[in-house]
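Everything below concerns the one structure shown next.
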Amino acid sequence: MKKLDNSSIERARRPVRVLQFGEGNFLRAFADWMIDIANRKGVTDTDVAVVSPRFKENRGIKTLQNQDGLYHVWLEGIDNGQPLSRPHLVECIADAFSPAADFNRYESHILSPDLRFVISNTTEAGIRYEEDDVMSPTPATFPGKVTSMLYRRFRHFNGDPSKGLIFLCCELIEDNGSTLKEYVLRHAKEAGLAEGFSNWVKEANIFCDTLVDRIVPGFPSDSITEIKEKLGYDDDMVVKGELFHVWAIGSDRHDQVHNEFPLDKAGLNVLFMDSIKAFRDKKVRILNGSHTGMVPIALQLGCETVLDAFGHPAVNRFINTMMTREVLPVIEGDPEELRRFADGILERFYNPYMRHMLKSIALNSLSKWEARNFPTVRDQWEKNGTPAEFEIFTFAALMALYAPCSSFSPDDDKAYLSKINEAWQKHPGDYAAIIKDITGSGIFTVDFESIVPGFSSKAGEYLGMIMNDGMSKALDDFLVSHGEKYVSPES
């Protein structure tokens, strides 16, 4: 088996026109995979420099360095009714490093005249406004880092309007690029930076709102030996994904972005449009909202993967009913088209080749639930004056999963976990008070109770059912009480 690095692969060298914040599985199986395909087809001519979003060294960056940025994307699924496995060697990552370990290297990229694009996936928790020292070489927050980077670039090129950047944010929050731009301008104002810089940010740079879609289970640890043998390389950065993919890119200057980054001309499912709002509402609420809502329920029922969860009759019934009753009715669009779209999305959960681990989806579930599930709760209340009880049950399930007495170890912001623990200690046995305390603690960008009156009491009711009776009985009782004449076989 050959070592995977520059000694075994002859690769083309291209100008580094893309700076990428994030070395994780998704971007490597999605954006980098697309860029590599477009390079090979002569549509683009760019390499990528990858930096860790928090600027600290981590295992992913080190492994990428050991392999000189080379790795395989292993796609599996059903194509025209037949099972298909499709490996692809990605060669477009020319550099991968931690700015904290080598700031001069980082500066050489952000001040390069070749640089044109910034791609990011800092998770839903990444694009948040917090006070930050944007004059520092390494601000703490992602918007702070972008402000610092752009200011350095502005000064280096004396405000040259041709040296702005195009931002392609892949974080699953509404208006991701627009929000990043808003925070950069806010940081600039609060830091007292020149008005000329703010004007340059607005006029010379393009902040695209984007929406991404591909299920990426990540490193195939259960079959890696077999995969390495088939590849013929000792690849420790293999990333597994489904065949399906779509990237929607929205901006009032989308024609310019399309002209400079025409990935669709390489046969990729990339869409350019004025606004992605309608497209985003469908995808995030249906696919990602289903994932995020399902995870805390299914994990407490002993499921490990998305396929396990959808194979559990009660979970399957719950998610499908939630989709029909609560999610689809508050999304704008033709009901029949929305139903077809939802059916196509949910069918992907049954892909037997995707070992999509629930624990992986559970990363940063607090910010994910607010971005993916709360909009349905909010819209149902505003439109109908009724609580979205299925969605609220998923929040109660999340609070049970994150409870101090839970056997689950959340991978989330430590400060948020501390606030959750404090709420449980402060209100033992008073589940509505626990919910109200948590949702008003600053963990979320809005106070759920103030927007949806009664949210805390309803979520507290369901949290009590889960804590007192266990998830299996609580879920069955919930389904029956909501008109689903059904009890799972496990009960």
Side-chain angles (χ1 to χ4, degrees), residues 26 30-31 118-129 143 166-186 202 205-214 244-258 261 263-264 269-293 322-323 326-346 367-384 388 391 444-446 448 451-452:
F26 182 80
F30 187 78
V118 176
I119 296 174
S120 66
N121 186 18
T122 58
T123 78
E124 286 87 339
I127 302 182
R128 295 173 72 99
Y129 187 84
I166 296 173
F167 288 83
L168 300 165
C169 300
C170 298
E171 293 82 358
L172 287 172
I173 64 169
E174 291 188 53
D175 306 323
N176 44 24
S178 302
T179 302
L180 177 61
K181 178 181 178 181
E182 174 192 338
Y183 292 164
V184 167
L185 292 172
R186 183 175 172 185
K202 288 183 277 190
N205 299 267
I206 303 175
F207 292 80
C208 299
D209 294 323
T210 88
L211 184 133
V212 297
D213 191 0
R214 165 170 271 173
F244 178 89
H245 68 279
V246 64
W247 195 355
I249 297 174
S251 167
D252 58 1
R253 288 187 270 177
H254 66 89
D255 287 339
Q256 181 182 345
V257 179
H258 186 198
F261 202 55
L263 298 180
D264 57 322
N269 192 16
V270 182
L271 312 172
F272 297 85
M273 57 191 74
D274 286 322
S275 172
I276 64 165
K277 184 182 186 310
F279 192 91
R280 183 194 181 280
D281 282 352
K282 290 193 300 183
K283 186 267 179 180
V284 172
R285 296 194 190 193
I286 294 171
L287 174 62
N288 304 101
S290 294
H291 272 159
T292 299
M322 181 176 80
M323 192 63 52
E326 297 181 355
V327 179
L328 297 182
V330 296
I331 300 177
E332 293 183 6
D334 178 73
E336 291 186 7
E337 190 278 330
L338 286 170
R339 183 72 260 177
R340 287 193 298 271
F341 183 88
D343 288 345
I345 289 288
L346 296 178
S367 58
K368 284 178 177 176
W369 195 91
E370 180 177 14
R372 302 172 176 186
N373 300 75
F374 183 69
T376 295
V377 179
R378 176 199 63 209
D379 287 356
Q380 176 150 316
W381 180 260
E382 290 179 354
K383 292 182 179 181
N384 304 320
E391 290 281 21
F444 306 101
T445 61
V446 297
F448 300 159
I451 295 174
V452 181

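When a residue number appears, it is its place in the shown sequence, counting from 1. The figures that follow rest on heavy atoms only: side chains count, while hydrogens, waters and symmetry mates do not. What you see is a predicted model; the values in this text were computed from it and never measured.
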For I286 and L328, what are the C-alpha separation, side-chain angles and deciding distance, and is it a side chain to side chain contact (heavy atoms under 4.5 Å, CB included)? CA-CA 8 Å; I286 294 171; L328 297 182; 3.6 Å; yes
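- Counting only heavy atoms from C-beta outward, the side chains of V257 and F272 approach each other to under 4.5 Å.
- When atom types are taken as modelled, the side chain of R372 and the backbone of L287 share no donor-acceptor pair closer than 3.5 angstrom.
- Between F341 and F279, the two ring planes are perpendicular [angle over 60°; tilted spans 30° to 60°].
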Stepwise side chain to side chain contact (heavy atoms under 4.5 Å, CB included) test for E391 and V327: CA-CA 9 Å; E391 290 281 21; V327 179; 3.6 Å; yes
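- Between Y183 and Y129, the shortest heavy-atom distance links the atoms CE1-N, 3.5 Å.
- With respect to R128 and E171, no salt bridge is recorded, no charged nitrogen being found less than 4.0 Å from a carboxylate O.
- Atoms CG and CD1, on L168 and I206 in that order, are 9.5 Å from each other to the nearest 0.5 Å.
- In this structure, the ring-ring contact (aromatic ring centres under 6.0 Å, His included) partners of F30, at least two apart in sequence or on a different chain, are F26, W247.
- Using a 4.5 Å cut-off on side-chain heavy atoms (C-beta onward), K202 and L185 make contact.
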Side chain to side chain contact (heavy atoms under 4.5 Å, CB included) between D264 and H258, worked out: CA-CA 9 Å; D264 57 322; H258 186 198; 2.9 Å; yes
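- In this structure the side chain of E174 never reaches within 4.5 angstrom of the side chain of V284, judged on heavy atoms.
- The main-chain N or O of T376 is never found under 3.5 Å from a side-chain atom of E326 such that the two would form a donor-acceptor pair.
- Scanning all heavy atoms of the two residues, the minimum distance from P143 to L180 falls at CA-CD1, 3.8 Å.
- Two residues are said to be in side-chain contact when any heavy atoms from C-beta on lie closer than 4.5 Å; I345 and D213 meet this criterion.
- Between S275 and D209 there is no side-chain heavy-atom pair separated by less than 4.5 Å.
- In terms of heavy-atom proximity, M322 sits nearest to G289 at CE-O, 4.5 Å.
- To the nearest 0.5 Å, the span separating CG on D274 from CG on D255 amounts to 7.5 Å.
- Expressed to the nearest 0.5 Å, how far NZ of K283 lies from CD1 of I331 amounts to 12.5 Å.
- No side-chain heavy atom of N373 sits under 4.5 Å from any side-chain heavy atom of V377.
- Between E337 and K282, some side-chain heavy-atom pair lies under the 4.5 Å cut-off.
- Within a 6.0 Å radius of CD in E332, no more than 12 heavy atoms belonging to other residues, nucleotides or ligands are found.
- In this structure the side chain of V330 reaches within 4.5 angstrom of the side chain of R285, judged on heavy atoms.
- G177 and C169 get closest at one heavy-atom pair: CA-SG, 3.9 Å.
- Note that CE of M273 and OG1 of T210 are 10.5 Å apart. Values are rounded to the nearest 0.5 Å.
- Distance check, rounded to the nearest 0.5 Å: OG of S367 to CG of L172 gives 10.0 Å.
- Closest approach of I166 and C208 over heavy atoms only: CG2-SG, 4.1 Å.
- In this structure, CH2 on W381 lies 12.5 Å from CD1 on I451, to the nearest 0.5 angstrom.
- Minimum interatomic distance between A371 and R280 (heavy atoms only, all atoms of both residues): O-NH2, 4.2 Å.
- A donor-acceptor pair is defined here as one N or O able to donate and one able to accept, closer than 3.5 Å; no such pair exists between the side chain of H254 and the backbone of I249.
- Judged purely by atom type and a 3.5 angstrom limit, S120 has no side-chain atom pairing as donor or acceptor with the backbone of T122.
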